[in-house]
Peer 1: 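So that we are looking at the same thing, I have put the structure below in structure tokens.
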Amino acid sequence: MIITLKDGSTKEYAQSKSIYEIAADISEGLARMACAGEVDGEVKDLRTVIDGDCHLAILTFQDEGGRAAFRHTTSHIMAQAIKRLYPDAKLAIGPSIADGFYYDIDREKPLTSEDLEKIEAEMKKIVKEDLKIERFELPRAEAVELMKEKEEPYKVELVEDLPEDAVISFYRQGEFTDLCAGPHLLSTKPVKAFRLTSLAGAYWRGSEKNKMLQRIYGTSYTKKADLEEYLHRMEEAKKRDHRKLGKELGLFMMCEDGPGFPFFLPKGMELKNALMGYWREIHRKAGYVEISTPIILNRRLWETSGHWDHYKENMYTTVIDEEDYAIKPMNCPGGVLVYKSEPRSYRDLPLRLAEVGLVHRHEKSGQLHGLMRVRCFNQDDAHIFMTKEQIKDEIKGVANLIDQVYSLFGFKYHVELSTRPENSMGSDEDWEMATEGLRGALEELGLDYVVNEGDGAFYGPKIDFHLEDSIGRTWQCGTIQLDFQLPLRFELEYTGKDGEKHRPIMIHRVAFGSIERFIGILIEHFAGAFPTWLSPVQVKVLPISDKYAGYGQQVLSELLENGIRAEMDTRSEKIGYKIREAQNQKIPYMLIVGAKEEENHQVAVRSRFLGDEGDQSLEQFLCDIQREIKNRENRPIGEKVE
């Protein structure tokens, strides 16, 4: 058999070999680092025996599939430790996830954070025992009996849901056996750097109708230094938590009278309005026109769009005049109705309709998370209607606009192209044309991208933009989706050069995504210390004493008249206290005023960027800050304004 490796080289073997044996034949070092294998694109266990020609990649911790196998093994080690310490605990599921793993358990007495330390200590013992991990299979009936013997009701339920002729796989390490599809490492020994990070609640099988279980989260790495770096990032993330900073900075609030429905406070509205002012400016320059569509529309519309059949469980509905209506979960159908409101010609295309529309989607209470996961939000949608020939140029225009937005805030990003899924609608010709249009636009722009085969929307392929924040986390925000189905469903037309009727192509695109979620990301990205142009309060006037409050009011009035968002601290506190308070509020500039400043019509400038910047005339300060705001500068810490 011929094995084609990742680098294109080949290995030829006369007899069957396991993936691990092939890795060892390539090099001992690779075998030591191997966590799993990828055979013809499918991740497999190292124990998997290969007996025919194939493409093989040996996966280490540096590969996604390798990390998943490593961390899945860690979840089994944790489960084994839990069963040793708390034999009454019942195990549910324990998969690997993006940054680690978790295991759901059912125990009459819930675990505490102190228990996590005990579990970690037992896990270390299991790792030192270097237990060999063995895979075996059983027929469904025997698998059920085994799980009943071990008194694992959740495992029994999982097995019983499988077909009667199914062969069920298990993994055994020492006295511990778990139902599992794998893959796993060959032994417990390599798992040396791990940490159990938190406890949470989780419904069995994700259903609110089922029992609430306890979920234990953790992560693991091959090196202690990598684990420490990750934990440091997590600590930094806690400090930057937008829920904590949002409360401290007076930006937004959540209320038990409306779970998942955020309240923006005055300072939060200043931030939001500054962000939306920028949004409107760049969209006007890019040739968009802004519209606003109703938030409640009747059932017929949502049936035509397909949402009533495919998205109804996420929609809020009501009855008006004995007719079904729904609060919009998306802006798209409203934009379609605007397009259809008058006859269109090829001369009107491309037509770029932008809308920051308030949408509502039903999210389960357990999934709500600050501004990141809410039940109502403003979506910065745009819908572009165009001819087939305009696809590439329009995609390039949108990609450039999204790049402009992310670059302004200092985000790095990567791009993914998602292609036709199995449940797609439309002709092969349409899909080929659309996918190549997206691909061609990305290549002409010189943007590197990863292809996600089969991950497009059912109505068309898409491009997703994943931004990276200041502590290395990624967020999917911007997206460009091509759609043939809504123009077809709503019978959209335009008159072509030939005088005949034609069907337009539609682009759905967002730059920020959910405005609320984007604000949450910005809060954490900047740790609440926004660039001056975005800051809710740009300047704080600080009189040294009540005696100079009159001059402070003059300074404040001039700032406000010149469009600067400013406040004055009128409290009878020492100036050092006022400065610290302004610093805690992340105010970019503090203007301290006393006798000398009043006499010379000056201000003593302190900034978040440089500390004491000395005395300036108020006119000079206004000139500098207005330039900084106009240019939307993100002034680095330690940089002096020239």
Peer 1: Sub-3.5 Å donor-acceptor pair from the side chain of Gln214 to the main-chain atoms of Ala200, do we have one?
Peer 2: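 No, the answer is negative, given that no donor and acceptor are paired below the 3.5 Å cut-off.
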Peer 1: Please work out whether the ring planes of Phe484 and Trp431 are parallel, tilted or perpendicular, with thresholds of 30° and 60°.
Peer 2: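 Because their plane-to-plane angle is over 60°, the rings of Phe484 and Trp431 count as perpendicular.
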Peer 1: Examine distances only and state if a side-chain atom of Thr219 and a backbone atom of Asp99 form a donor-acceptor pair shorter than 3.5 Å.
Peer 2: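 It does hold such a pair.
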Peer 1: Taking Glu281 first and then Lys285, would you say they form a salt bridge - that is, a charged N and a carboxylate O separated by under 4.0 Å?
Peer 2: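 Yes.
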Peer 1: Taking the six-membered ring for Trp, are Phe409 and Trp533 parallel (under 30°), tilted (30 to 60°) or perpendicular (over 60°)?
Peer 2: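 Taking Trp533 first and then Phe409, their aromatic rings sit tilted (interplane angle of 30° to 60°).
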Peer 1: Any idea which heavy atoms bring Arg71 and Ser96 closest together, and the distance?
Peer 2: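 Looks like CB-CB, 4.1 Å.
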Peer 1: Is it true that the NZ or CZ of Arg215 lies under 6.0 Å from the centre of Tyr102's six-membered ring and within 45 degrees of the ring axis?
Peer 2: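 Yes, a cation-pi geometry holds between Arg215 and Tyr102.
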Peer 1: Without swapping roles, check the side chain of Asp321 against the backbone of Glu323 for a donor-acceptor pair under 3.5 Å.
Peer 2: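 Checked: no pair found.
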Peer 1: Can you name the nearest heavy-atom pair linking Ile384 to Pro350, along with the distance?
Peer 2: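 Heavy atoms of Ile384 and Pro350 come nearest at CG2-CB, 4.1 Å.
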Peer 1: Does the side chain of Leu249 reach to within under 4.5 Å of the side chain of Gln585, using non-hydrogen atoms?
Peer 2: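 Yes, close enough: below the 4.5 Å cut-off.
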Peer 1: Could you tell me whether the side chains of Lys328 and Thr293 share a donor-acceptor contact shorter than 3.5 Å?
Peer 2: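 A donor-acceptor contact under 3.5 Å links the two side chains.
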Peer 1: For Glu151, is the CD atom crowded, meaning more than 12 foreign heavy atoms sit under 6.0 Å from it?
Peer 2: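 Result for CD/Glu151: open.
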Peer 1: Does any non-hydrogen side-chain atom of Cys376 lie less than 4.5 Å from one of Arg361?
Peer 2: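 Not touching, per the 4.5 Å side-chain cut-off.
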Peer 1: In sequence, state the C-alpha distance, the side-chain angles, and the governing distance for Glu394 and Arg352, and then conclude on salt bridge (Lys or Arg N to Asp or Glu O under 4.0 Å).
Peer 2: CA-CA 10 Å; Glu394 288 306 302; Arg352 308 181 186 104; 2.9 Å; yes
Peer 1: Over 60° means perpendicular and under 30° means parallel, so classify the ring planes of Phe518 and Phe411, tilted if in between.
Peer 2: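 Because their plane-to-plane angle is over 60°, the rings of Phe411 and Phe518 count as perpendicular.
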Peer 1: Using side-chain heavy atoms (C-beta onward) and a distance below 4.5 Å, is Gln481 in contact with Met506?
Peer 2: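 No, side chains not in contact.
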Peer 1: Taking Met269's backbone N and O only, do any of them form a donor-acceptor pair with Asn273's side chain (distance below 3.5 Å, no angle check)?
Peer 2: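 Pair found, side chain donor or acceptor close to backbone of Met269.
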Peer 1: Heavy atoms only: give me the nearest Ser75-His72 pair and the separation to one decimal.
Peer 2: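 Heavy atoms only, the tightest pair is OG-O, 2.7 Å.
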Peer 1: Please report the closest heavy-atom contact between Ile391 and Met386, naming both atoms and the distance.
Peer 2: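 For Ile391 versus Met386, the nearest heavy atoms are CG1-CE, 3.7 Å.
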Peer 1: Heavy-atom count around Arg300 CZ within 6.0 Å, excluding the residue itself: above 12?
Peer 2: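 Count not over threshold, so no.
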Peer 1: Which atoms form the tightest heavy-atom contact between Arg140 and Val159, and what is the distance?
Peer 2: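 In this case the closest contact between Arg140 and Val159 is NE-O, 3.5 Å.
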Peer 1: Backbone N or O of Arg517 within a donor-acceptor pair of the Ser514 side chain at under 3.5 Å?
Peer 2: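 Yes; at least one donor-acceptor contact below 3.5 Å.
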Peer 1: Could you list the donor-acceptor pairs under 3.5 angstrom formed by side chains in residues 467-479, with sequence neighbours left out?
Peer 2:
residue : atom : partner : partner atom : Å
Asp469  : OD1  : Ile471  : N            : 3.0
Asp469  : OD1  : Gly472  : N            : 3.1
Asp469  : OD1  : Arg473  : N            : 2.9
Asp469  : OD2  : Arg473  : NE           : 2.9
Asp469  : OD2  : Arg473  : NH2          : 2.9
Asp469  : OD2  : Trp475  : NE1          : 3.1
Ser470  : OG   : Arg240  : NH1          : 3.0
Ser470  : OG   : His525  : O            : 2.7
Arg473  : NH1  : Glu524  : OE1          : 2.8
Arg473  : NH2  : Glu524  : OE1          : 2.9
Gln476  : NE2  : Gly478  : O            : 2.9
Thr479  : OG1  : Ile463  : O            : 3.2
Thr479  : OG1  : Asp464  : OD1          : 2.7

Peer 1: Are the aromatic ring centres of Tyr494 and Tyr346 under 6.0 angstrom apart?
Peer 2: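 Between Tyr346 and Tyr494, which both carry aromatic rings, the centre distance is not below 6.0 Å.
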Peer 1: Give the C-alpha distance, both sets of side-chain angles, the deciding distance and a yes or no for salt bridge (Lys or Arg N to Asp or Glu O under 4.0 Å) between Asp106 and Lys90.
Peer 2: CA-CA 5 Å; Asp106 184 6; Lys90 307 303 179 189; over 6 Å; no
Peer 1: Rounded at 0.5 Å granularity, tell me how far NE2 in His283 sits from CD in Glu355.
Peer 2: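 Here the interatomic distance stands at 12.0 Å.
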Peer 1: Hey, could you give me each pair passing salt bridge (charged side-chain N to carboxylate O under 4.0 Å, His left out) that has a residue in residues 247-256? Not counting sequence neighbours.
Peer 2: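 Checked against salt bridge (charged side-chain N to carboxylate O under 4.0 Å, His left out) - neighbours excluded - the pairs reaching residues 247-256 are Lys244-Glu248.
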Peer 1: Heavy atoms, side chains only, cut-off 4.5 Å: are Phe264 and Leu251 in contact?
Peer 2: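 Result no, sub-4.5 Å side-chain heavy-atom pair not found.
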Peer 1: With rounding to the nearest 0.5 angstrom, report the CG to OG1 distance, Leu482 to Thr435.
Peer 2: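 It is 8.0 Å, given to the nearest 0.5 Å.
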Peer 1: Keeping Asp483 on the side-chain end and Leu486 on the backbone end, is there a donor-acceptor pair under 3.5 Å?
Peer 2: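 Yes; at least one donor-acceptor contact below 3.5 Å.
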Peer 1: Look only at the side chain of Glu453 and the backbone of Thr419, and say whether a donor-acceptor pair between them is shorter than 3.5 Å.
Peer 2: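 Here the side-chain-to-backbone pair does not exist.
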Peer 1: Under the salt bridge (charged side-chain N to carboxylate O under 4.0 Å, His left out) rule, what pairs show up with a residue in residues 264-273, not counting sequence neighbours?
Peer 2: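 Applying salt bridge (charged side-chain N to carboxylate O under 4.0 Å, His left out) to every pair that reaches into residues 264-273, excluding sequence neighbours, yields Lys272-Glu516.
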Peer 1: According to the side chain to side chain donor-acceptor pair (under 3.5 Å) rule, which pairs have a member within residues 306-315, sequence neighbours left out?
Peer 2: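 The answer is Ser305-His307.
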Peer 1: Kindly indicate whether the side chain of Tyr288, heavy atoms from C-beta on, has any atom under 4.5 Å from the side chain of Leu401.
Peer 2: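 Yes, side chains in contact.
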Peer 1: Output yes when Arg280 and Glu290 qualify as a salt bridge under the 4.0 Å nitrogen-oxygen rule, no when they do not.
Peer 2: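 Looking at Arg280 and Glu290, the cut-off is met.
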Peer 1: Apply side chain to side chain contact (heavy atoms under 4.5 Å, CB included) to His369 and Arg243, showing your working.
Peer 2: CA-CA 9 Å; His369 180 77; Arg243 295 167 298 179; 3.2 Å; yes
Peer 1: Quick check: do Asn298 and Asp324 have side-chain heavy atoms less than 4.5 Å from each other?
Peer 2: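 Asn298 does not reach Asp324 side chain to side chain.
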Peer 1: I want to check something: taking the side chain as every heavy atom from C-beta on, are Thr317 and Tyr325 in contact at a cut-off of under 4.5 Å?
Peer 2: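 SC-SC contact between Thr317 and Tyr325 ruled out.
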Peer 1: Would you indicate whether the side-chain heavy atoms of Tyr203 and Leu213 approach each other to under 4.5 Å?
Peer 2: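 Side-chain contact under 4.5 Å: no.
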Peer 1: Quick one: does any side-chain atom of Ser535 pair with a main-chain N or O of Gln538 as donor and acceptor, under 3.5 Å?
Peer 2: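 Flag not set: sc Ser535 to bb Gln538 has no pair under 3.5 Å.
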Peer 1: What do the steps show when you test Glu363 against Arg375 for salt bridge (Lys or Arg N to Asp or Glu O under 4.0 Å), and what is the final call?
Peer 2: CA-CA 6 Å; Glu363 300 284 356; Arg375 287 173 170 160; over 6 Å; no
Peer 1: According to the salt bridge (charged side-chain N to carboxylate O under 4.0 Å, His left out) rule, which pairs have a member within residues 403-419, sequence neighbours left out?
Peer 2: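 Applying salt bridge (charged side-chain N to carboxylate O under 4.0 Å, His left out) to every pair that reaches into residues 403-419, excluding sequence neighbours, yields nothing.
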Peer 1: How are the rings of Trp204 and Tyr154 set relative to one another: parallel (under 30°), tilted (30 to 60°) or perpendicular (over 60°)?
Peer 2: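 Ring orientation, 0 to 90° scale: perpendicular.
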Peer 1: What pairs of residues pass the salt bridge (charged side-chain N to carboxylate O under 4.0 Å, His left out) test when at least one of them lies in residues 489-514, not counting sequence neighbours?
Peer 2: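 Listed by first then second residue: Asp380-Arg509.
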Peer 1: Would you confirm whether Lys392, through its side chain, and Leu438, through its main-chain N or O, come within 3.5 Å as a donor-acceptor pair?
Peer 2: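 Checking the backbone N and O of Leu438 against the side chain of Lys392, no donor-acceptor pair under 3.5 Å is found.
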Peer 1: Using every non-hydrogen atom in the two residues, find where Met330 and Trp302 come nearest and quote the distance to one decimal.
Peer 2: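 For Met330 versus Trp302, the nearest heavy atoms are O-CH2, 3.9 Å.
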Peer 1: Within a radius of less than 6.0 Å around CD of Glu108, do more than 12 heavy atoms belonging to other residues, nucleotides or ligands occur?
Peer 2: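 Result for CD/Glu108: open.
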Peer 1: Do Thr387 and Glu389 get their side chains close enough for a donor-acceptor pair, meaning under 3.5 Å?
Peer 2: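 Glu389 and Thr387 do have a side-chain donor-acceptor pair below 3.5 Å.
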Peer 1: Between Arg107 and Lys109, is there a donor-acceptor pair closer than 3.5 Å when you use the side chain of the first and the backbone of the second?
Peer 2: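 Judged by distance alone, yes, a pair lies under 3.5 Å.
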Peer 1: Out of curiosity, Asp428 CG to Met433 CE, how far, rounded to the nearest 0.5 Å?
Peer 2: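 Asp428 CG to Met433 CE: 12.0 Å, rounded to 0.5 Å.
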